[in-house]
Protein chains: 2
Amino acid sequence: MTAANAQGCGYSHMTSTPKPRYQQLKEQIISRISSGDLRPLDRVPSEHELVGSTGVSRMTANRALRELTDEGYVERVAGVGTFVADLKAASHLLEVRNIADEIQMRGHEHRASVIDLESRPVAPDIADLLHVSAGSRVNHVFLVHFENDIPIQVEDRYVTIDFANDFLDQNFQNVTPSAYLSLIAPLQEAEHVVRAKMPGARIRRLLKMRAKEPCLVVTRRTWVSARPVSFARLFHPGSRFELAGRYRPPGIANSHPQDSNIVELRNFDR
Amino acid sequence: MTAANAQGCGYSHMTSTPKPRYQQLKEQIISRISSGDLRPLDRVPSEHELVGSTGVSRMTANRALRELTDEGYVERVAGVGTFVADLKAASHLLEVRNIADEIQMRGHEHRASVIDLESRPVAPDIADLLHVSAGSRVNHVFLVHFENDIPIQVEDRYVTIDFANDFLDQNFQNVTPSAYLSLIAPLQEAEHVVRAKMPGARIRRLLKMRAKEPCLVVTRRTWVSARPVSFARLFHPGSRFELAGRYRPPGIANSHPQDSNIVELRNFDR
DNA sequence: TAGTGGTCTAGACCACACA
DNA sequence: GTGTGGTCTAGACCACTAC
């Protein structure tokens with residue numbers, strides 16, 4: 001098959017400019033990951049196999065897999081193979097890092113105390129944020145996260161009722177709501193807003209905050225399949241919590257050998 | 001020249017595994033941009049020219065330029081050429097968006113009032129952050145940013161004295177310190193920490209804040225050539241300021257046609 | 001030894017922009 | 001037209017891993 005044929009038989013008969021073949025390949029693989037056909041740590045077809053099964057050249061298969069690597073979907077090991085990235089790595093792209101993981105990384109103990117877990121009619125403002133009609137039912141969870149028995153975060157989360165139908169059966173003591181949602185389906189979009197605010201009496205009591213101490217409030221909205229599925233308000237005591245991030249542009253030699261794991265700002269730390 | 005020769009004459013005689021040629025090309029171009037040899041909007045050699053001048057194949061030149069595009073260093077227009085990315089676009093990678101630009105994007109008027117601009121001996125904690133010896137002199141600027149004459153940010157910034165030797169001659173009314181530093185040299189690394197904190201009396205007065213209103217405090221440290229050059233504390237009134245960001249994973253078709261310019265979380269908005 | 005990814009080549013066709 | 005980037009091919013050599 002000549003280069004001309006490759007183009008011709010590929011898509012020259014189609015109406016508008018078709019997607020490039022490497023892009024089609026990428027989307028096909030992303031789709032297999034999203035659908036659960038390929039699960040984390042599963043082996044992804046090798047370049048050679050993709051050449052055989054899809055008819056593209058190896059360079060094209062290579063580009064698709066390389067870009068999926070850059071985008072965090074898969075991990076490649078020379079001489080071994082290509083594998084679906086671990087959930088932990090993938091969720092970093094979209095999550096303010098799971099608070100339980102963060103606490104564990106600091107070598108501390110995480111514990112959650114669920115105060116409220118029910119389905120209930122949604123307030124108008126939150127109905128708007130979740131694109132559901134006002135007054136319809138949504139799942140709601142209200143809990144406190146502890147680090148070594150010190151309260152560090154109050155989580156007030158609303159989840160659309162059709163997205164997670166066994167939401168109310170969860171325990172949420174060990175698996176945080178955020179981690180649970182990541183298990184159900186890979187989150188595809190996230191929006192964050194960070195504010196400084198004085199807490200109400202209830203939040204202040206739950207977080208054992210001093211009288212004049214402000215809260216760092218993070219509100220997060222996450223999308224799956226172009227629909228908002230969850231809205232959360234995360235309250236943190238200003239004296240005991242901060243969000244940090246570091247950014248270094250890509251394509252530059254490592255300038256900070258001393259601190260090895262530099263995270264991007266979208267991976268909130270600490 | 002065969003493929004074997006290309007590898008051989010290229011670097012098979014070197015001791016350790018050499019950098020791939022596309023990477024060498026990338027670093028060479030990044031270096032020309034960093035040094036000012038290539039300035040924003042300047043034309044970058046075309047793929048064909050790189051083939052002629054460096055002896056690589058066009059696919060290799062293409063990969064180098066394509067990755068530089070992904071990384072925000074250059075912009076490419078099919079049929080026209082490759083150009084060094086505009087400073088504005090490039091600085092987004094590293095800056096909490098310049099507050100003056102943000103205010104202008106909202107269609108409001110930005111104004112800055114410089115309260116303090118001098119060189120002075122540095123306090124121990126800041127000396128530590130900037131990797132200079134305690135008591136040595138650093139440049140310091142202290143100013144208030146206004147949005148439509150409402151104070152919105154107090155900036156307290158320290159800059160190493162050898163990095164910007166005309167720092168004290170700046171006006172900082174129209175060009176913010178952040179924009180000025182970006183002009184001097186492209187920042188290569190940035191660290192952010194976000195906190196909620198009650199302001200001191202001075203900050204509260206400057207920002208015209210109510211008595212029990214908290215501050216959203218962002219501290220930023222930026223590096224050039226692996227050395228920290230600037231440390232800034234940015235104070236914002238909690239009732240009038242928030243940090244927001246949206247993230248969508250790459251490689252997915254657009255899911256939100258209604259809001260076109262989705263920014264990554266590292267581009268803090270509003 | 002066979003399979004994997006990492007890289008590279010020397011061509012090719014295409015759509016597009018600009019003169 | 002000419003030049004540009006965007007894509008694709010059908011090979012190739014290499015280093016590495018696993019058996």
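The figures that follow rest on heavy atoms only: side chains count, while hydrogens, waters and symmetry mates do not.
Nucleotide D:dA15 holds its P atom 19 Å from the NZ atom of B:Lys19, rounded to whole Å. At whole-Å resolution of the value, CG in B:Leu50 and C1' in D:dG3 are 14 Å apart. In this structure, CG of B:Asp70 is placed 10 Å from P of D:dG6, rounded to the nearest angstrom. Rounded to whole Å, the distance from CD on A:Glu47 to P on C:dG6 is 7 Å. In this structure, the CG atom of B:Asn62 is 12 Å from the P atom of C:dT9, given to the nearest Å. Here C:dG6 presents its P atom at 18 Å from CD of B:Gln24, a figure rounded to the nearest Å. One interatomic measurement links the two molecules: CZ of B:Arg66 to P of D:dT4, which rounds to 18 Å at whole-angstrom precision. Between B:Leu68 atom CG and D:dG5 atom P the separation is 13 Å, expressed in whole Å.
Listed pair B:Arg76 / D:dG6 meets the phosphate criterion, a side-chain N or O lying under 4.0 Å from OP1 or OP2. Residue B:Ser46 places no side-chain N or O under 4.0 Å from the OP1 or OP2 atom of D:dG3. Between B:Thr60 and C:dT9, a side-chain N or O to OP1/OP2 separation shorter than 4.0 Å is present. Proximity of A:Tyr22 to the phosphate of D:dT7: a side-chain N or O atom is located under 4.0 Å from OP1 or OP2. At least one side-chain nitrogen or oxygen of B:Thr82 sits closer than 4.0 Å to the OP1 or OP2 atom of D:dG5. Between B:Arg21 and C:dG6, a side-chain N or O to OP1/OP2 separation shorter than 4.0 Å is absent.
The A:Arg58 side chain lies nearest to D:dA12 when the options are C:dT4, D:dA12, C:dC18. Distances from the side chain of A:Ser57 to the nucleotides C:dT7, D:dT9, D:dT7 place D:dT9 closest. Listed nucleotides C:dT7, D:dC8, C:dT9 differ in distance to A:Pro20; the shortest reach to its side chain belongs to D:dC8. Relative to the side chain of B:Glu49, the nucleotides D:dT4, C:dT7, D:dT9 differ in distance, and D:dT4 lies closest.
Between the B:Arg43 side chain and the B:Gly81 main chain, no donor and acceptor come within less than 3.5 Å of each other. Under a 3.5 Å cut-off, the side chain of A:Arg21 and the backbone N or O of A:Val56 do not form any donor-acceptor pair. In this structure, the side chain of A:Gln23 does not engage the main chain of A:Pro20 through any donor-acceptor pair within 3.5 Å. The backbone N or O of B:His110 sits nowhere less than 3.5 Å from a side-chain atom of B:Gln104 that would complete a donor-acceptor pair. A donor-acceptor distance shorter than 3.5 angstrom exists from the side chain of A:Ser35 to the backbone of A:Arg32, with no hydrogens or angles considered.
The number of heavy-atom neighbours closer than 6.0 Å to NE2 of B:His48, taken from other residues, nucleotides and ligands shown, is 12 or below.
Residue A:Arg63 is classed as a sugar-phosphate contact, given heavy-atom separations below 4.0 Å to backbone atoms only.
A residue-by-residue look at B:Arg43 and A:Ala61 shows that B:Arg43 has its nearest nucleotide of DNA chain D further toward the 5' end. Between A:Met59 and A:Ala78, the residue whose closest nucleotide on DNA chain C is further toward the 5' end is A:Ala78. Map B:Val80 and A:Val77 each onto its nearest nucleotide of DNA chain D; the residue landing nearer the 5' end is B:Val80.
Using the Watson-Crick or G-U wobble rule with both distances under 3.5 Å, C:dA19 pairs with nothing in any strand shown.
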